[in-house]
Amino acid sequence: MKITDVDVQVVNLPLTNPFTSSFETKTGETRTVVRLRTDTGIEGWGETMWGRPVAELARKLATELVGTSPFALEAFHRRHHMVPFFHGYLGYAALAALDVACWDVMGKATGQSVTDLLGGPVRDEVPITALITRADAPGARGRELAQGLAEYAAKVVGEGGFSAVKLKGTNDVRGDVEIMRELRRALPDVELRVDPNAAWSVPDSIRAGLALEELDLEYLEDPCTGIEGMSQVRAKIRIPLCTNMCVVRFEEFAPAVRLGAVDVIHGDVYKWGGISATKALAAHCETFGLGMNLHSGGELGIATAAHLAVVASTPVLSRAIDSMYYLHADDIVQPLTLEGGRLRVPTGPGLGVQVDEEKLAFYAAANERDGDLTG
Ligand SMILES: O=C([O-])C(=O)C[C@H](O)[C@@H](O)C(=O)[O-]
């Protein structure tokens, strides 16, 4: 079987609420969508983070994929191992779009789900995390903000059945600690996390970490920058540390372990360059006794389905994953099933998703008109 052609589109989709972190506020998401066609008439879909620069690189890499087998993925990654060196996240993202589309083809060609190709399911549903940001209590400040966010989070958890809540932190360290206290008061039984995306200094992270200890957090995510800073914080506080910022490639794994910088590492198919790389990260984490979870960069249905296949087939991925899937106002695939805060893992061949081509065209036109919203 050979790949005969590849098309790449960029879509803009709105979020139900603005999403605020320590470095951005976004009201929608831009994603790159790839379709492979083969000489046997099979179509495979991939989706990755960000827009036009990733799409341009994916188109370039795709020209070399044409004429090759979708099963020859290791050779594809080997040929392009310098792409992330030169292009950083853009490189990982572009490779991942094509990688995921090849997995979709491999599943459809063999009549198996990607989960089955990856070793088979150890779970058939995946809990996701309620993501709370300051934009969820617009205009509120101080105590009113902390209480407003706690009330909002309790409503989201009550209605959606989520078992974990993550606050996107900011450089307002005291404010973040106050919000976390209110969240714990309102939600005594959920797993709680806070993630300022490295906006806190090392001393502030230690001070905040000591104050947060009594709240029994599942983990504190990227309080500060770098392996060195994280290891200083980890030595002083009794809350597990998680990262999707100081260990973002395999070269950083060994120094992070040696310096004791982290307890839980976030994978992400689109930031680590594909499905096999994310599975390899899981093997590293298991070998070294670390926890692992998945980061979310705003995946729509195609990309979410690939994340679900990885989680479904990987025992160490036992926590509620980050997923912005439920925050999108619409999707380009028939909606995935979300019930009781859990996404059901699709079981059909390949990724098991049905792309709605009318919606794809509609949201691609939005990107043509408005340009990229993220990335
Ligand atoms: O750890 C996280 O939640 C992130 O880094 C998510 C970012 O805030 C998110 O906006 C993204 O990557 O699109």
Side-chain angles (χ1 to χ4, degrees), residues 10-32 47-54 88-90 92-93 96-97 127-136 149 153 156 162 164-172 176 179-180 183 191-200 205 217-226 230 240-249 252 262-273 278 281 291-300 303-304 307 317 319-328 372-375:
V10 181
V11 293
N12 285 358
L13 272 92
L15 291 168
T16 45
N17 278 339
F19 182 94
T20 294
S21 63
S22 62
F23 63 97
E24 65 175 357
T25 292
K26 51 187 184 182
T27 54
E29 203 72 68
T30 294
R31 306 284 298 176
T32 292
E47 177 210 316
T48 193
M49 61 190 200
W50 300 344
R52 294 175 185 189
V54 172
Y89 272 148
L90 295 184
Y92 284 118
I128 64 168
T129 306
L131 298 167
I132 305 298
T133 86
R134 275 170 168 69
D136 295 323
L149 287 181
V156 170
F162 297 92
V165 170
K166 163 163 136 173
L167 172 72
K168 292 301 294 182
T170 62
N171 56 11
D172 172 14
D176 287 346
I179 295 167
M180 292 305 289
L183 285 174
E191 297 287 8
L192 275 185
R193 314 158 186 167
V194 55
D195 170 21
N197 283 106
W200 302 349
S205 301
L217 301 193
E218 184 183 8
Y219 51 71
L220 171 56
E221 185 176 328
D222 289 311
C224 60
T225 40
M230 290 279 281
L241 292 192
C242 169
T243 190
N244 68 284
M245 295 183 69
C246 77
V247 182
V248 297
R249 49 181 73 204
E252 288 155 351
V262 289
D263 299 280
V264 179
I265 295 179
H266 264 181
D268 177 323
V269 164
Y270 314 98
K271 289 192 157 183
W272 283 80
T278 310
L281 177 63
M292 180 173 168
N293 204 356
L294 286 195
H295 169 264
S296 174
E299 305 78 29
L300 304 173
T304 300
H307 267 182
L317 284 167
R319 297 164 194 271
I321 63 166
D322 281 6
S323 170
M324 294 183 199
Y325 181 74
Y326 79 104
L327 295 174
H328 289 100
D372 290 352
L373 305 176
T374 47

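Order of appearance sets the numbers: ligands from 1, and atoms from 1 within every ligand. Predicted model only: the values in this text are computed from it and were never measured.
- The ligand atoms of ligand 1 that sit less than 4.0 angstrom from a heavy atom of H295 are 1 (O), 2 (C), 4 (C), 5 (O), 6 (C), 12 (O).
- Ion pair D222/R193 not flagged as a salt bridge, since none of the NZ, NE, NH1 or NH2 atoms sits closer than 4.0 Å to an Asp/Glu carboxylate oxygen.
- Within the 4.0 Å heavy-atom criterion, neither part of L131 lies near ligand 1.
- Close approach to G297 involves these atoms of ligand 1, each under 4.0 Å from a residue heavy atom: 11 (C), 12 (O), 13 (O).
- Residue K166 places a heavy atom under 4.0 Å from ligand 1.
- In this structure a side-chain-to-backbone donor-acceptor pair under 3.5 Å is missing from T129 to L131.
- Looking only at protein heavy atoms, the nearest one to atom 11 (C) of ligand 1 is K26 NZ, 3.6 Å.
- A distance below 6.0 Å separates the ring centres of Y270 and H307.
- Using modelled atom types, one side-chain atom of D372 and one backbone atom of R52 make a donor-acceptor pair closer than 3.5 Å.
- A donor-acceptor pair under 3.5 Å is absent between the side-chain atoms of T278 and the main chain of G267, judged by distance alone.
- For atom 7 (C) of ligand 1, the nearest non-hydrogen atom of the protein is F23 CZ, 4.0 Å.
- The shortest N/O to N/O separation between K271 and ligand 1 does not fall below 3.5 Å.
- Between H266 and Y219, the angle of the ring planes goes over 60°, which puts this pair in the perpendicular group of the 30/60° scheme.
- The residue M245 has no part lying near ligand 1, judged by heavy-atom distances below 4.0 Å.
- At least one heavy atom of K168 sits under 4.0 Å from some atom of ligand 1.
- When the options T129, D195, T25 are ranked by their closest heavy atom to atom 1 (O) of ligand 1, first place goes to D195.
- Near N244, meaning under 4.0 Å from one of its heavy atoms, ligand 1 places the atoms 1 (O), 5 (O).
- Under a 4.0 Å N-O distance rule, the pair R31/E47 qualifies as a salt bridge.
- Without hydrogens or angle criteria, T20 side chain to R134 main chain gives no donor-acceptor distance under 3.5 Å.
- Ligand-side atoms of ligand 1 in range of E24: 9 (C), 10 (O), range being under 4.0 angstrom from any heavy atom.
- Heavy atoms of H266 come nearer than 4.0 angstrom to ligand 1 in no pair at all.
- Using modelled atom types, no side-chain atom of N197 and backbone atom of G169 make a donor-acceptor pair closer than 3.5 Å.
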